[in-house]
Every structure is written in C-alpha cells, then in structure tokens.
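One is the number of the first residue; the rest follow in order along the sequence. Counting starts at 1 for both ligands and their atoms, following the listed order.
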Amino acid sequence: MSMESTADRIIIFDTTLRDGEQSPGATLNVEEKLAIAHQLALLGVDVIEAGFAVASPGDFQAVKTIAEQVGTPDGPVICSLARATRQDIQVAAEALKGAAHPRIHTMISTSDIHLQYQLKKTRSEVLAITSEMVAYAKSFVDDVEFSPMDASRTEPEFLYQVLEAAIASGATTINIPDTVGYCTPKEMGNLIQGIRQNVPNIERVILSIHTQNDLGLATANALAAIENGVRQVECTINGIGERAGNAALEEIVMALQVRKHYFNPYFGRTVDSDAPLTNIKTQEIYKTSSLVSQLTGMLIQPNKAIVGANAFAHESGIHQDGVIKHRQTYEIMEAASIGLPENKIVLGKHSGRNAFRTRLQELGFELSEAELNKAFNRFKEVADKKKEMSDWDLEAIVRDETQMQVDSGYQIEQVQVICGDCTCPTATITIVTPDGKIMTDASVGTGPVDAVYQAINRLVQIPNQLIEFSVQSVTGGIDALGTVTIRLEYQGQIFSGQASDTDIVVAAAYAYINAVNRLYRYLEAQKSVLLTVDG
Ligand SMILES: CC(=O)SCCNC(=O)CCNC(=O)[C@H](O)C(C)(C)COP(=O)(O)OP(=O)(O)OC[C@H]1O[C@@H](n2cnc3c(N)ncnc32)[C@H](O)[C@@H]1OP(=O)(O)O
Ligand SMILES: CC(C)C(=O)C(=O)O
C-alpha cells in the first residue's frame with residue numbers, strides 16, 4: 001500500500017490494539033487481537049499499530065502473528081511501538097519481520113515536566129537520543145514513525161529542534177501526540193501551523209496527530225489538526241484508549257464523509273468533489289465496533305456518536321414526525337452507511353431461518369451453518385419471550401453464540417435460581433469441566449447473582465476478585481435483553497466476560513463463566529511457559 005498517494009486524503013492509523021488495549025480492563029489475548037486485526041484490514045485502515053512488542057511475551061507474539069497473517073503485500077502497514085531504546089527497537093523489528101510493510105514507531109518525551117520527573121534527562125540528551133534511536137530504527141525498516149511524547153506541553157523551539165533531528169535521521173512520519181489531552185482545537189491548529197512553519201524539511205514527511213480525550217476534545221482536536229495540514233490520524237475503534245481514550249475512528253471517518261464538502265478545500269479539491277477522504281469501508285464500521293466491544297468487554301454508551309444504540313434512534317414525537325416525512329430533517333447520515341440498515345423486516349417468534357439469515361447478512365455477520373443454527377435456536381428462545389426482536393437483540397445473540405470459542409474452558413449446562421423476599425437466594429449450577437466431567441453444586445448468596453457466583457466458584461475453584469459487574473439493557477422495554485459485563489482481577493491482570501439474556505441472572509452466570517474461562521486460559525498458558533522454562 002503506497003503512502004505517497006495520500007497527499008490528498010487522510011491515512012487512518014488504527015491503534016486500537018496498542019493504545020486502545022491500554023484501557024484498564026481491555027486486555028486482549030493473541031487470538032482476540034488477531035480477530036480484530038483481520039476485521040481492521042477489512043475495514044480498510046491504512047496502518048495497524050499491533051502492539052508494544054517489548055511489553056510482554058504476549059504482546060510480542062501478537063505483533064509477530066499479526067505481521068505474518070495480516071501484514072500481506074496488499075494489506076495494511078503493520079506497526080509496533082517502541083521506546084527510544086535499542087532493546088525496544090530491536091524487539092519491535094524482530095516482531096515485525098513477517099510484515100510486507102513494517103513500521104517501527106519510536107517515541108520519547110519532550111516536555112520539561114516529563115524530562116524532569118520521569119526521564120530525568122536534559123534536553124540535549126533527549127535530542128541526542130532522538131537522532132540516535134531514529135537512525136537505529138531506520139537500520140531495520142524504511143518506514144519509521146517518531147513521536148515527541150507530550151508535544152502539546154513542550155516548549156515550541158525545543159520541539160522544532162527535536163523534530164528536525166528526527167527527520168534528519170530518517171523518520172518518514174512525524175506524529176504529534178497531545179498525550180494528556182490538554183489542547184483545545186484552536187491551540188492544536190496553532191501547534192500544527194507552528195511545526196509546519198518552523199521545522200526544516202517537514203514537507204518531506206507525513207504529519208500525523210495523536211489525540212487523547214481527557215477533556216472530551218480528542219476528535220475535535222484531530223479535525224483541527226487536519227484543517228491545518230495533518231495527513232495521518234491515530235485513532236481507535238469506539239475511542240477506547242489510555243484514561244479517557246483516544247479520538248474515535250468512526251467519528252473521524254464519518255465527519256470526513258458527512259462533511260466532505262467542508263473538508264475538500266483543505267485537500268486542494270473542489271468543494272463538490274465526492275471522492276472519499278479516507279480508504280475506510282464505512283459499511284464495516286458497525287461490525288468492527290461490535291467486535292471490539294465484545295472482545296474487550298468495553299461497553300458502548302448508548303449515546304456514543306455513530307455506533308451507540310441511540311445514535312440512529314428517534315424518541316421524541318417531533319423528531320419521529322420529521323424523519324417519517326423526510327429522513328434528513330433529523331438524520332445527517334444513513335444507518336446503512338455504517339452497516340446498520342433500518343429494521344425493514346420485523347423479526348419475531350414466527351420468523352424463519354431465511355429472514356433471520358438475511359437480517360444477519362445485512363448487519364454484516366457471516367456465520368457458518370452450525371453457528372447460524374445455534375444462533376437461530378437462541379433467537380427462537382428469546383423471541384418466545386419478546387414481542388419484537390430488534391437489530392440490537394440480534395447482535396447480542398450473535399455475539400453470545402459466536403464469541404471467540406474457548407478451545408479450553410468450563411461450559412455451563414444449567415442455571416437454576418430460587419430467590420424472593422421469603423427465601424434465602426439459592427443457585428444450583430451444572431457445568432462441564434475442561435476435561436469433560438459434568439459437575440453440579442449449589443450455594444446460597446446475598447442475592448441471586450451472588451448465589452450463582454458462589455456456586456460457580458465452588459465448582460471451578462479458581463480464586464479471583466470480582467471488580468466490576470455492569471448491566472446494560474440491549475433495547476428498551478421490560479422484556480429487553482440485558483447484557484452483563486464482568487471484570488475479574490487476578491494478580492494485577494484483568495479478565496472480562498460478557499453475555500446477554502432476558503434473564504439477567506442467567507446472563508450474569510454466562511458472563512462470569514466467560515471471564516473465568518479467560519482467566520483459566522491465561523493460567524494454562526502460564527503453566528505451559530513454566531513447563532517450557534523448566535524443560
Ligand atoms: C503515552 C503512551 O501511551 S506511551 C505507551 C504506554 N504503554 C506501555 O507502557 C505499555 C506497557 N508497558 C510496559 O510493559 C513497561 O512499562 C515496559 C516494558 C515498556 C517497561 O517496563 P520497565 O522496564 O519495568 O520500566 P517501567 O515501566 O517501570 O518504567 C518505564 C521506564 O522507561 C523509561 N521511558 C519511558 N518512556 C521512554 C522513552 N520513550 N524512551 C526511553 N525510555 C523511556 C522511563 O523513564 C522508565 O525508566 P526508569 O525505570 O529508568 O526510570
Ligand atoms: C506513544 C504516543 C503516540 C502516545 O500514545 C501518546 O503520547 O499518547
């Protein structure tokens with residue numbers, strides 16, 4: 001994929017698998033990262049930052065696997081982050097060996113607060129390190145990105161010196177991070193203008209922006225940077241990332257699509273040009289967003305722009321009246337443009353497989369026959385309890401019935417709960433263990449959910465700390481499906497699980513066993529590493 005032909009469009013650099021995964025609780029294993037990477041390639045991102053190769057053996061393996069399996073000659077650039085150290089850069093280069101288009105992204109802080117309190121280095125030391133480490137990265141790959149971390153709080157003259165040194169050492173992309181989400185859009189514009197006017201040879205490289213959402217300005221700042229000449233945006237699906245997250249890919253892409261005529265002149269195009277400003281296949285957005293939410297366990301708030309459950313919902317009568325008369329009275333983009341067609345066929349308990357399969361295909365889900373049958377059977381069970389099945393219900397069912405199949409783990413056979421104000425909440429659970437044994441146990445609890453968890457813990461015997469239990473109604477109505485998200489903590493690692501059901505207690509049981517299975521799989525992997533080390 002050629003970067004040269006991007007002067008008149010935006011390069012989408014997706015960092016969901018690196019900065020996005022830094023979100024507390026969003027830990028992904030190699031198979032989950034690979035599934036997301038394949039979907040990002042289908043979405044059409046230009047660059048996938050697959051991880052931070054030196055961070056852990058798992059991160060190294062993820063970057064290596066994605067480089068080999070997604071980094072094809074006609075595929076995206078595959079990138080690894082590295083500190084400005086020889087070891088980090090060497091490890092990143094090793095992990096990226098299998099990529100047709102590898103990129104090493106090296107960074108070092110340049111703000112005085114970081115130099116004084118974290119790096120404990122002088123400006124001249126950082127300047128020298130920048131030159132040396134960018135050149136070192138260049139000795140491994142042609143495509144080198146450099147980031148002056150905390151750039152927006154860096155004294156401008158020093159920032160310009162550092163960027164000049166990075167370009168002179170071979171950087172091909174200069175990325176400007178607003179690392180702590182401190183900038184306003186006007187300040188961002190001035191920062192980019194200052195760089196373009198004061199850094200020698202800046203026109204030879206691709207100028208990139210990386211924003212954080214601490215003040216809720218990540219997307220606005222990224223768009224301001226584009227208006228001032230930036231041609232690459234670092235962003236994540238659903239905006240997940242460190243602290244309050246990053247600029248959301250779907251917001252950047254749809255802003256450039258919906259307001260194309262506003263942005264065209266910034267790219268030297270005529271106002272009415274209809275050529276897309278990114279390579280993104282927007283019909284893949286919804287499916288990608290759902291996959292990332294499911295695998296990270298990071299729920300999407302209903303009012304999230306573009307992909308939230310309410311983003312295309314019209315509740316108030318005046319809006320409904322307007323949309324019925326003319327969609328664009330209250331809609332600036334079509335649900336179908338992100339892969340979420342309006343619900344034309346009302347699906348319910350009398351629907352057949354064809355209607356069910358058709359709707360799933362319209363929603364972008366391609367299931368095997370076995371997966372379709374499993375999902376259809378679950379659909380019928382739920383439809384018996386609900387009057388009408390919405391697209392959100394279907395998506396929740398597909399997510400549950402097809403979520404990354406755990407090769408090894410515990411499977412729930414049966415959940416039975418007694419509760420109410422005249423009895424002690426009691427749960428009876430039957431599970432199948434990883435080695436095929438069927439076991440049943442029961443427990444009382446402070447409530448039905450606690451009783452379920454106690455009974456499951458008595459069966460699986462894997463110590464853990466429940467740190468989050470959240471319930472989200474998939475749709476409105478008393479018969480709504482509810483999605484339970486669980487987060488467990490074990491020796492500093494966080495494991496999440498999700499499940500949906502019209503019975504919240506049943507959903508809680510399945511969400512918990514999904515999280516426990518992730519922990520079980522982690523422990524099994526640790527055992528095999530120890531066995532390998534012990535020979
Ligand atoms: C803004 C961002 O998102 S940056 C990316 C953040 N992502 C991560 O941190 C990924 C996960 N991190 C990790 O796995 C670990 O921090 C590692 C493997 C990177 C480093 O682990 P450790 O060697 O134990 O170092 P630790 O994390 O304690 O401290 C970071 C060290 O790197 C140094 N450092 C930080 N950034 C840089 C940099 N860009 N270049 C060089 N050194 C750096 C710090 O000064 C500190 O050094 P010190 O221990 O001599 O004081
Ligand atoms: C590594 C850089 C780009 C980063 O994530 C930040 O500064 O926020």
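- Heavy-atom proximity to Thr85, at under 4.0 Å, picks out these atoms of ligand 1: 41 (C).
- Contact atoms of ligand 1 toward Phe52: 5 (C), 7 (N), 8 (C), 10 (C), 19 (C) (distance under 4.0 Å to a heavy atom of the residue).
- Given atom 5 (O) of ligand 2, the protein heavy atom at minimum distance is Arg18 NH2, 2.9 Å.
- Within the 4.0 Å cut-off (strictly below), no protein heavy atom is located near atom 16 (O) of ligand 1.
- Nearest protein neighbour of atom 4 (C) of ligand 2, counting heavy atoms only, is His210 NE2, 3.6 Å.
- For Gln22, no heavy-atom contact with ligand 2 is shorter than 4.0 Å.
- At a heavy-atom cutoff of 4.0 Å, ligand 2 is contacted by the side chain of Asn175 but not by its backbone.
- Under the 4.0 Å criterion applied to side-chain N and carboxylate O atoms, Glu49 and Arg103 are not assigned as salt-bridge partners.
- At the shortest separation from atom 12 (N) of ligand 1 among protein heavy atoms lies Ala55 CB, 4.5 Å.
- For ligand 2, the atoms closer than 4.0 angstrom to any heavy atom of Asp19 are 5 (O).
- Remark: Glu155 engages Arg123 in a salt bridge, criterion side-chain N to carboxylate O under 4.0 Å.
- Of the protein's non-hydrogen atoms, Met107 O, 2.6 Å is the one closest to atom 39 (N) of ligand 1.
- The existence of a salt bridge linking Glu250 and Lys304 is confirmed by a sub-4.0 Å separation between a basic side-chain nitrogen and an acidic carboxylate oxygen.
- Contact check on Asp19 versus Arg243 returns no salt bridge, with no Lys/Arg side-chain nitrogen under 4.0 Å from an Asp/Glu carboxylate oxygen.
- Distances from atom 20 (C) of ligand 1 to the heavy atoms of Arg243, Gln118, Met133, Arg83 show the closest one on Arg83.
- Ile467 has its side chain out of reach of Leu488: every pair of non-hydrogen atoms, C-beta onward, lies at least 4.5 Å apart.
- Polar contact check, Asp88 against ligand 1: no nitrogen or oxygen pair lies under 3.5 Å apart.
- Ring centers of Phe495 and Tyr490: at least 6.0 Å apart, outside the cut-off.
- Looking at His114 against ligand 1, nothing comes within 4.0 Å, counting heavy atoms.
- Counted within 6.0 Å of NZ on Lys64, heavy atoms from surrounding residues, nucleotides or ligands total 12 or fewer; the atom is thus considered open.
- Distances from atom 37 (C) of ligand 1 to the protein include at least one heavy-atom value under 4.0 Å.
- The nearest protein heavy atom to atom 31 (C) of ligand 1 is closer than 4.0 Å.
- Near Gln22, the atoms of ligand 1 lying under 4.0 angstrom from a non-hydrogen atom of the residue are 3 (O), 5 (C), 6 (C), 7 (N).
- A salt bridge links Glu94 to Lys97: at least one charged side-chain nitrogen sits closer than 4.0 Å to a carboxylate oxygen.
- Aromatic ring orientation, Phe263 versus Tyr266: tilted (interplanar angle from 30° to 60°).
- The pair Asp59-Lys33 meets the salt-bridge criterion, since a charged nitrogen lies less than 4.0 angstrom from a carboxylate oxygen.
- The protein does not reach atom 47 (O) of ligand 1 closely, with no heavy atom under 4.0 angstrom from it.
- Nearest to atom 40 (N) of ligand 1 among the protein's heavy atoms is Ala84 N, 3.2 Å.
- Distance check for atom 26 (P) of ligand 1: every protein heavy atom is found at 4.0 Å or beyond.
- There is a protein heavy atom less than 4.0 angstrom from atom 7 (N) of ligand 1.
- In terms of protein heavy-atom proximity, atom 6 (C) of ligand 2 is nearest to Thr179 OG1, 3.6 Å.
- For the pair Pro102/Ile78, no side-chain contact is recorded, criterion being any heavy-atom separation below 4.5 Å from C-beta on.
- Salt bridge present: Arg521 and Glu32 bring a charged side-chain N and a carboxylate O closer than 4.0 Å.
- For the side chain to side chain donor-acceptor pair (under 3.5 Å) with His210, the lone residue among Glu234, His105, Gln232 that qualifies is Glu234.
- Heavy atoms of Gln212 found under 4.0 angstrom from ligand 2 belong exclusively to the side chain.
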